[in-house]
Amino acid sequence: MLERIKETASYISSRLKAKPDTAIVLGSGLGGLVNEIEVIEKIPYNEIPHFPVSTVAGHAGMLIFGRLGNRHVLAMQGRFHYYEGWSMQEVTFPFRVMKLMGVETLIISNAAGGLNPDYQVGDIMLISDHINLFPEHPLRGKNEDSLGPRFPDMSEVYTAELRAKAKEKAKELGIHLQEGIYAGVTGPTFETPAEYYYLRVIGADAVGMSTVPEAIVAAHMGMKIIAFSIISDLGIPGIVEKITHEEVLKAAQATEPKLTAVLKGIL
Ligand code: HPA
């Protein structure tokens with residue numbers, strides 16, 4: 001595994017003129033952030049050795065390198081979801097590569113179903129912690145000791161210092177941030193009413209089909225992580241409604257400017 005990660009990291013590094021310090025996953029809700037980046041280089045995923053190529057509508061595959069604030073950012077436009085059929089190693093491969101390239105901070109966004117009865121569609125939830133409900137663990141198998149420990153601590157996956165900064169910036173901008181626990185599930189089905197209820201009972205505030213694998217792998221390597229969910233639908237007893245991917249994307253896009261503003265503030 002390490003050989004492939006090194007090959008990919010040196011290929012990408014050879015195409016960039018500077019070292020990235022921050023990576024951003026432009027999930028549903030952060031796509032517009034691309035327009036804020038002073039783009040230096042764009043690399044389609046299919047030109048990158050060993051990189052998977054995304055298939056889902058609404059998730060183009062492009063690595064974008066540039067300046068944002070006083071940072072050199074490497075943005076992933078398009079992520080790899082477990083439900084697409086990728087293995088956990090494939091889903092998390094780009095984050096291994098980024099770490100080897102020198103990235104220290106990871107910013108993740110996603111769209112999620114709200115479970116907390118105080119939440120509304122369009123809310124932004126800062127992820128404080130997660131519950132991993134994926135059936136396969138990204139760290140299962142031989143541990144690469146040079147990347148991180150066999151039994152990694154998970155007591156603070158989402159860096160408290162970055163969360164405090166996000167809350168401060170949001171307050172300055174007059175943007176309300178929820179803060180809560182994200183349950184990561186496989187999908188691709190949305191949940192039944194009984195499943196939404198179950199997820200709430202076990203302590204989650206929102207549910208989605210991404211983020212947890214990449215956060216685990218980034219935490220394994222000691223990266224600082226901050227992640228946001230845009231609440232795109234509600235799985236709250238009595239108000240679970242029929243939902244489509246289009247509605248999720250629409251809700252996420254409507255909230256995107258607010259989340260973009262918070263992120264720019266942090267960077
Ligand atoms: N459930 C799971 N994943 C999701 C949802 C949801 O309700 N909304 C957006 N992603």
Side-chain angles (χ1 to χ4, degrees), residues 24-33 54-60 76-86 88 91-92 107-136 138 157-158 177-216 225-260:
I24 306 179
V25 182
L26 302 170
S28 314
L30 271 186
L33 194 64
S54 183
T55 59
V56 193
H59 294 270
M76 278 184 77
Q77 195 175 45
R79 60 148 59 92
F80 306 106
H81 299 87
Y82 187 69
Y83 62 75
E84 291 174 88
W86 304 110
M88 278 297 177
V91 168
T92 57
I107 300 169
I108 308 176
S109 69
N110 62 52
L115 304 167
N116 184 320
D118 294 338
Y119 289 5
Q120 291 175 0
V121 168
D123 278 354
I124 301 173
M125 184 186 90
L126 183 58
I127 300 182
S128 59
D129 200 351
H130 71 225
I131 300 174
N132 178 18
L133 296 173
F134 284 87
E136 186 193 343
V157 175
Y158 304 91
L177 277 192
Q178 305 283 11
E179 187 172 17
I181 297 168
Y182 176 93
V185 299
T186 305
T189 47
F190 291 111
E191 287 66 35
T192 64
E195 287 164 345
Y196 281 124
Y197 177 66
Y198 156 79
L199 292 164
R200 181 65 186 152
V201 167
I202 65 168
D205 295 291
V207 55
M209 306 173 195
S210 67
T211 302
V212 170
E214 44 267 52
I216 288 174
I225 306 167
I226 186 163
F228 301 88
S229 292
I230 291 184
I231 304 302
S232 59
D233 55 282
L234 298 174
I236 296 166
I239 52 172
V240 176
E241 286 180 343
K242 277 205 192 305
I243 176 187
T244 64
H245 187 219
E246 286 66 36
E247 283 163 343
V248 167
L249 291 178
K250 208 172 126 200
Q253 274 156 17
T255 307
E256 192 174 277
K258 281 201 285 183
L259 182 48
T260 302

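Numbering of ligands and ligand atoms starts at 1, following listing order. Heavy-atom basis, side chains included; hydrogens, waters and symmetry copies ignored. Nothing here was measured: the structure is a model prediction, and the numbers come from that model.
Note on ligand 1: Gly208 sits in its first shell, one or more heavy atoms being nearer than 4.0 Å. The shell of residues lying under 4.0 angstrom from ligand 1, judged by heavy atoms, includes Ala111.
Of all protein heavy atoms, the one closest to atom 9 (C) of ligand 1 is Ser232 OG, 3.4 Å. Nearest protein heavy-atom contact of atom 4 (C) of ligand 1 is Val207 O, 3.6 Å. Counting only heavy atoms of the protein, atom 2 (C) of ligand 1 lies nearest to Glu191 OE1, 3.2 Å. Shortest contact from atom 8 (N) of ligand 1 to any protein heavy atom: Asp233 OD1, 2.6 Å. Remark: minimum distance from atom 5 (C) of ligand 1 to any protein heavy atom is reached at Gly113 N, 3.4 Å.
In this structure, Thr92 contributes its side chain and Glu214 its backbone to no donor-acceptor pair below 3.5 Å.
When all heavy atoms are compared, the tightest approach of Leu133 to Tyr198 is CD2-OH, 4.3 Å. Between Arg79 and Asn110, the closest heavy-atom pair is NH1-CB, 4.1 Å. Here the closest heavy-atom approach between residue Ala183 and residue Ala204 is recorded as CB-CB, 3.7 Å. Considering all non-hydrogen atoms of both residues, Val207 and Tyr196 come closest at CG1-CE2, 3.8 Å.
Ligand-side atoms of ligand 1 in range of Tyr196: 1 (N), 6 (C), 7 (O), range being under 4.0 angstrom from any heavy atom.
Around the CZ atom of Phe134, the shell of radius 6.0 Å holds more than 12 heavy atoms that belong to other residues, nucleotides or ligands.
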